[in-house]
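Naming: A, B, ... by sequence-line order, numbering from 1 per chain.
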Number of protein chains: 2
Amino acid sequence: MARRTRQNILDVAGNLFGHRGFDAVSLDQIAAEVGVAKQTLLYWFASKDELIQEVLSETAIELTLVIEAAIRSAPDDPLDRMEAVVKAVFRPAVRRPSLLGLVREISRLPSESSERLTDSLRPLVERAVSWMRTEMDAGRLRRADPALIVALAYATVTGIATEPEALRVVGWNADIVGLRRLRDELIGFLRAALAPVSD
Amino acid sequence: MARRTRQNILDVAGNLFGHRGFDAVSLDQIAAEVGVAKQTLLYWFASKDELIQEVLSETAIELTLVIEAAIRSAPDDPLDRMEAVVKAVFRPAVRRPSLLGLVREISRLPSESSERLTDSLRPLVERAVSWMRTEMDAGRLRRADPALIVALAYATVTGIATEPEALRVVGWNADIVGLRRLRDELIGFLRAALAPVSD
DNA sequence: GCCTTTCTCTACCATTTGGTAGAGAAAGGT
DNA sequence: ACCTTTCTCTACCAAATGGTAGAGAAAGGC
């Protein structure tokens, strides 16, 4: 029955890690927020490292599934397709803003588990890159370096996820504007930057 | 003479904080890397909080100066001008990659000092926004929401700064590609997305 | 009813954390 | 030579950290 406890721990830990960072969050805090003793955490997860590892791989799986589903049912036009994928990435993030902040924590893991996660995302990235290259060759996207575009998009998304607080520095108020509008501006940006040049 | 110690501490702390995050770095680690006892840190800075606060305001001042200098001597064409500013932002970051990572830490400060920093950056941001609006009204930039563009650019830059490791997830190898090429791609992107529509 | 597995608890521990107290060099002004 | 200021040290501390040991509920199979 109390298998739900495990899921609760994963959810709470995911939010806290994504929000404040791995090192800033203690097991005691997580336990308190779940409403459970610290030992219960350590019953379910052997260590703090294993906990975040589990959280991250759950997140990676979720994101992968969402993106793949979006690709399968996406329209054929490359710009529409990109819009669909970006929206798919944002959908879970809008619902649970701390989610993307987690990706940042990958680099703080012991290199071994960090690599395992990177590997699980790699196929998706490679697919995106080779797809963009094909579209560019066909003249349906403006020519550019696809790998760098993916890197930039990724940087932007994680930058947004870094914290609403951080964006407040540039006058962005999350409560008023909302992640959704920022997402739409990003999409408009991508469309403008990647539309094929009409010659 | 040993005022240099203070600067050494600031430099080392800046790198470590930007690289690993505020909570992940202990005073002992900083002291060890500077080659000095922990108490020496606490002689120069009353607490860890004051230390990062000092590091951040130094960074904010540096960035502000660099950007303002770039604006003063920038060409008149809005796209060239944007390119000049982006390059100015990247110049110190290329030299010292951990620098921009620091901005991320702002949101983890006690809200009071976080606000002080935000305030020191605000004029620059407002200036950029109003400048963009003017250029858009004059038809020299594609119409969009300037505040959101600044937010996106900021998010992208901090996303890049988040860690080369994190970008490795999307296949970006810092050693080979380099921050400089990513910067140039970003500039090309901005140009394409913000060029006025020729009607 | 009993036993085994699953689950959560209280109590404890070694280490590390940010920070204090206060002594002693180094150096410069006079 | 002496004093003051600047600078760095050793020694210590209370609190918090990740983690261990082991006991006791809960619940299901038989």
Side-chain angles (χ1 to χ4, degrees), chain A residues 1-58 102 104-114, chain B residues 1-58 102 104-114:
Chain A
M1 282 318 97
R3 180 126 199 136
R4 163 146 295 165
T5 300
R6 198 188 126 98
Q7 194 55 49
N8 280 347
I9 294 171
L10 279 176
D11 292 343
V12 169
N15 280 334
L16 289 177
F17 286 148
H19 198 66
R20 300 195 216 141
F22 181 68
D23 297 284
V25 177
S26 73
L27 293 182
D28 288 287
Q29 285 168 41
I30 299 171
E33 187 151 327
V34 178
V36 99
K38 183 172 62 169
Q39 270 44 46
T40 305
L41 300 199
L42 289 162
Y43 170 77
W44 288 106
F45 307 93
S47 67
K48 196 185 178 186
D49 273 324
E50 192 188 303
L51 174 56
I52 194 176
Q53 213 171 302
E54 214 68 24
V55 168
L56 281 172
S57 81
E58 203 196 27
L102 276 175
R104 231 184 342 163
E105 301 303 314
I106 292 181
S107 60
R108 294 188 183 152
L109 289 177
S111 64
E112 183 209 340
S113 21
S114 149
Chain B
M1 284 319 95
R3 181 130 197 129
R4 161 145 299 166
T5 302
R6 198 187 125 98
Q7 194 55 49
N8 280 347
I9 294 171
L10 280 175
D11 292 343
V12 168
N15 280 334
L16 289 176
F17 286 149
H19 198 66
R20 298 195 218 140
F22 181 67
D23 296 284
V25 177
S26 72
L27 293 182
D28 289 287
Q29 285 167 41
I30 299 171
E33 187 150 326
V34 178
V36 98
K38 184 173 62 169
Q39 269 43 50
T40 306
L41 300 199
L42 289 162
Y43 169 77
W44 288 106
F45 306 93
S47 68
K48 196 185 178 187
D49 273 323
E50 192 189 302
L51 174 56
I52 193 177
Q53 213 171 301
E54 215 68 24
V55 168
L56 281 173
S57 81
E58 202 196 29
L102 276 175
R104 228 184 345 163
E105 301 303 314
I106 291 180
S107 60
R108 292 186 185 157
L109 289 178
S111 62
E112 183 209 339
S113 22
S114 149

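Pairing of D:dT10, defined by two Watson-Crick or G-U wobble distances under 3.5 Å, is identified with C:dA21.
No donor-acceptor pair under 3.5 Å is formed between the side chain of A:Lys48 and the backbone N or O of A:Leu42.
Protein atom CZ of B:Arg6 is 16 Å distant from nucleotide atom C1' of D:dT8, rounded to whole Å. Residue B:Phe45 contributes atom CZ, which lies 13 Å from atom P of C:dG19 at whole-angstrom precision. Rounded to whole Å, atom P of D:dT5 lies 12 Å from atom OH of B:Tyr43. For the pair B:Ile30 CD1 and C:dT17 P, the computed distance is 11 Å after rounding to whole Å.
The cationic group of B:Lys38 does not satisfy the cation-pi geometry with B:Tyr43, failing either the under 6.0 Å distance to the six-membered ring centre or the 45° limit from the ring axis.
To the nearest 0.5 Å, the span separating CD on A:Glu54 from CG on A:Asp49 amounts to 12.0 Å. To the nearest 0.5 Å, the span separating CG on B:Leu51 from CZ on B:Arg6 amounts to 9.0 Å. Interatomic distance, CG of B:Leu27 versus OG1 of B:Thr40, reported as 11.5 Å (0.5 Å rounding). Atom-to-atom distance recorded for A:Glu58:CD and A:Leu102:CG is 10.0 Å, nearest 0.5 angstrom.
Using a 4.0 Å cut-off on heavy atoms, none of the residues of residues 9-16 of chain B approach DNA chain C.
In plain terms, the two heavy atoms of A:Ala37 and A:Ala31 that are nearest each other are C-CB, 3.9 Å.
Under 4.0 angstrom from either OP1 or OP2 of C:dT8 there lies at least one side-chain N or O belonging to A:Thr5. Contact check, B:Trp44 against D:dT8: a side-chain N or O comes under 4.0 Å of OP1 or OP2.
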Just by protein heavy atoms under 4.0 Å, how would nucleotides 10-21 of chain D read 5' to 3' in B, S and -?
BB-----SBBBB
Can you give each donor-acceptor pair under 3.5 Å made by side-chain atoms of residues 8-18 of chain A, sequence neighbours left out, with the distance rounded to 0.1 Å?
residue, atom, partner, partner atom, Å
A:Asp11, OD1, A:Gln7, NE2, 3.2
A:Asn15, OD1, A:Ser98, OG, 2.6

